[in-house]
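Read through the structure below, which is laid out as structure tokens, and then see the notes.
Just so you know, these numbers use all the heavy atoms, side chains as well, and skip hydrogens, waters and symmetry mates. To find a chain, count down the sequence lines: A is the first, B the second, and so on, and within it residues start at 1.
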Amino acid sequence: MANGGQGVGHFRKNQVKRFGTVAYIWRMKTLKMRKPALFSFEECLWFLNRNYDDCLHHIEPGQLSKAICINGENIAFTLRADEQHLLVDLNHGGGDNFPEAALIQYIMEWFDLDRDITPFYGLLEKNKTLGYMAKDFAGFRLISIHDLYEALCWSIIGQQINLTFAYTLKRRMVEQYGQKLEVNGQSLYIFPRPEVLQYATVADLRKQQFSERKAEYLLLVSKMFAEGSISQEMVRQCASYEAQVALLTAIRGIGIWTANYALMKTLKQLQAIPYGDVGLLNALLNHALIKDKKDTVGIDKLFKRFKGWESYLVFYLWRSLSSKS
DNA sequence: ATCCAGGGGTCAC
DNA sequence: GTGACCCATGGA
């Protein structure tokens, strides 16, 4: 936690709010985190808000709200930014031992704030075709998914269907099996725990329009996480990146794409490339960096120049698929 | 209607 | 290890 320790909290106000017949009282507190160089909150916020309906956060102009579970406790927060800081408004259901340090750490990891991405920008600027990204996408960061289970479920959901539908499926799953926090009149959801989802049936998920296979994959992964036959720590402790890929792809439903996606988004293995990803391939075609979708030679050639920053290149290429117009 | 979507398993060779 | 085939369903 490089900058995280600088979080300075102070009470802002006390509020009483009513939801139905129940009144909740909570304190609002604002933490300040210094923004690192080459970080743009606006750029990340825009990406999170692209054209999709993500049920795991709520966005309003200039701010981003999310519910998470820290140390077994469900909390919610809202992120804003000023010139030099990220501002974190805490919404908390009670108790004086708010896990501030853990929340700051969460945000640091969410937007990859601990990383000096100067070397990546050096590589970008050297590239004739992609150099524009250093300017157009300045401050964009690898936005992570903290929980490996969630990342794997999300990538299984997203296999071979369009993203709009994928987000629809995720919302159905999360609204049925996840937890909901009502904050400032807004519903914020937390991704389901495997201990809960493991008891769903294929038929349950089929009703939500998951395919039979996907339902099987999701339930298998849920059972494995619930019983501990796979865990984030287990993957983290693998001796090598290759061993991590092997451990994950040994699970039915997790292929090379899914494994790399999860390793990139959760463990931030920057050498992870989600091979075969249609978005990646389309971005490469758009930039005329490959001849066709089978041009693996062209892909290898490009990524070789971005050694150690492959995931960042993938993420920036994905970013290039959506335009702000 | 037709092709595509941020794939993966299975099976033949 | 490579390639053909199937799965399933919404979007454009």
Mind calculating the distance between [atom1] ([X]) and [atom2] ([N]) to the nearest angstrom?
X        : N     : atom1 : atom2 : value
A:Met173 : C:dT9 : CE    : P     : 15 Å
A:Lys214 : B:dG7 : NZ    : P     : 9 Å
A:Arg206 : C:dA8 : CZ    : C1'   : 7 Å
A:Ile251 : B:dG7 : CD1   : C1'   : 16 Å
A:Leu169 : C:dA8 : CG    : P     : 14 Å
A:Phe210 : C:dT9 : CZ    : P     : 12 Å
A:Asp277 : B:dG7 : CG    : P     : 6 Å
A:Asn51  : B:dA5 : CG    : C1'   : 15 Å

In terms of side-chain geometry, is the basic nitrogen of A:Asp136 or A:Arg319 positioned less than 4.0 Å from the acidic oxygen of its partner?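 No, no charged N to carboxylate O under 4.0 Å.
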Between A:Arg172 and A:Asp204, is there a salt bridge with N-O shorter than 4.0 Å?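 The answer is no: the pair does not qualify as a salt bridge.
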Taking everything shown except A:Tyr199 itself, do over 12 heavy atoms lie less than 6.0 Å from its OH?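 Check fails, neighbour count at 12 or below.
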Under 3.5 Å, N/O pairs linking protein and nucleotides 10-13 of chain B:
unit_1 : atom_1 : unit_2   : atom_2 : d
B:dT10 : OP1    : A:Arg252 : NH1    : 2.8

Nearest atoms (heavy-atom pairs only) where [X] meets [Y]:
X        : Y       : result
A:Glu73  : A:Pro99 : OE1-CD, 4.1 Å
A:Thr78  : A:Ser65 : OG1-OG, 2.9 Å
A:Val183 : A:Ala76 : CG2-CB, 3.7 Å
A:Gly62  : A:Phe41 : O-CE2, 3.6 Å

Pair A:Tyr167 and A:Trp154, ring centroids less than 6.0 Å apart: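 Ring centres of A:Trp154 and A:Tyr167 closer than 6.0 Å.
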A:Tyr312: what forms a ring-ring contact (aromatic ring centres under 6.0 Å, His included) with it, not counting sequence neighbours?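 A:Tyr312: ring-ring contact (aromatic ring centres under 6.0 Å, His included) contacts with A:Phe120, A:Trp309.
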What pairs with A:Tyr132 under ring-ring contact (aromatic ring centres under 6.0 Å, His included), at least two apart in sequence or on another chain?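 ring-ring contact (aromatic ring centres under 6.0 Å, His included) check on A:Tyr132 returns A:Phe137, A:His287.
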Selection: [range], any non-hydrogen atom under 4.0 Å of DNA chain B:
range                       : answer
residues 150-160 of chain A : A:Gly158, A:Gln159, A:Gln160
residues 138-145 of chain A : none
residues 280-296 of chain A : A:Asn282, A:Lys293

Using a heavy-atom cut-off of 4.0 Å across all strands, would you classify A:Arg50 as base, sugar-phosphate, or nothing?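 It contacts base atoms.
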Under 4.0 Å between any heavy atoms, over every strand shown, what does A:Leu321 touch: base, sugar-phosphate, or nothing? Just pick one.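 Touches nothing.
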With sequence neighbours left out, what residues match A:Glu175 under side chain to side chain donor-acceptor pair (under 3.5 Å)?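 Testing A:Glu175 for side chain to side chain donor-acceptor pair (under 3.5 Å), a comparison that skips the adjacent residues, returns A:Arg171.
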Are a donor atom and an acceptor atom from the side chains of A:Glu182 and A:Gln186 found within less than 3.5 Å of each other?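 Side chains of A:Glu182 and A:Gln186: no pair found under 3.5 Å.
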Testing A:Tyr52, A:Phe140, A:Phe111 for ring-ring contact (aromatic ring centres under 6.0 Å, His included) with A:Phe47, which one passes?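 Exactly one pass, corresponding to A:Phe140.
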What nucleotide among C:dA8, B:dG7, C:dT9 has an atom nearest to a side-chain atom of A:Phe165?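 Out of C:dA8, B:dG7, C:dT9, the nucleotide with an atom closest to A:Phe165's side chain is C:dT9.
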Quick test of your reading: applying salt bridge (charged side-chain N to carboxylate O under 4.0 Å, His left out), list the pairs with at least one residue in residues 243-255 of chain A, sequence neighbours left out, ordered by first then second residue.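 Applying salt bridge (charged side-chain N to carboxylate O under 4.0 Å, His left out) to every pair that reaches into residues 243-255 of chain A, excluding sequence neighbours, yields A:Glu216-A:Arg252.
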Per the salt bridge (charged side-chain N to carboxylate O under 4.0 Å, His left out) rule, what does the pair list look like for residues 219-228 of chain A, sequence neighbours excluded?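 Found none.
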Assuming nearest nucleotide by heavy-atom distance, tell me which of A:Tyr217 and A:Asn162 is located more 5' along DNA chain B.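 Per heavy-atom nearest nucleotide, the more 5' residue is A:Asn162.
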Taking for each residue the nucleotide of DNA chain B bearing the nearest heavy atom, is the 5' side occupied by A:Thr249 or by A:Gly279?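 Taking each residue's closest nucleotide, the earlier one in sequence belongs to A:Gly279.
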Name every donor-acceptor pair, under 3.5 Å, that has one atom in a side chain of residues 240-250 of chain A and the other anywhere in the protein, sequence neighbours excluded.
unit_1   : atom_1 : unit_2   : atom_2 : d
A:Ser240 : OG     : A:Glu242 : N      : 3.4
A:Ser240 : OG     : A:Ala243 : N      : 3.0
A:Tyr241 : OH     : A:Asn260 : OD1    : 2.3
A:Gln244 : OE1    : A:Gln269 : NE2    : 2.5
A:Gln244 : NE2    : A:Val235 : O      : 2.8
A:Thr249 : OG1    : A:Val245 : O      : 2.8
A:Thr249 : OG1    : A:Ala246 : O      : 3.4

Along DNA chain C (nearest heavy atom to each residue), the more 5'-positioned of A:Ser211 and A:Thr164: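 Here A:Ser211 is the residue nearer the 5' end.
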Tabulate below the donor-acceptor pairs under 3.5 Å that side-chain atoms of residues 272-280 of chain A make, not counting sequence neighbours, or state none.
unit_1   : atom_1 : unit_2   : atom_2 : d
A:Asp277 : OD1    : A:Trp257 : NE1    : 2.8
A:Asp277 : OD2    : A:Gly279 : N      : 2.9
A:Asp277 : OD2    : A:Leu280 : N      : 2.6
A:Asp277 : OD2    : A:Trp318 : NE1    : 2.9

Under 3.5 Å, which protein N or O atoms sit close to an N or O of nucleotides 1-4 of chain C? Give each pair with its distance.
none

B:dA1 and C:dT9, which share atom name C1', separated by this distance in whole Å: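 Result for the C1' pair: 16 Å, nearest Å.
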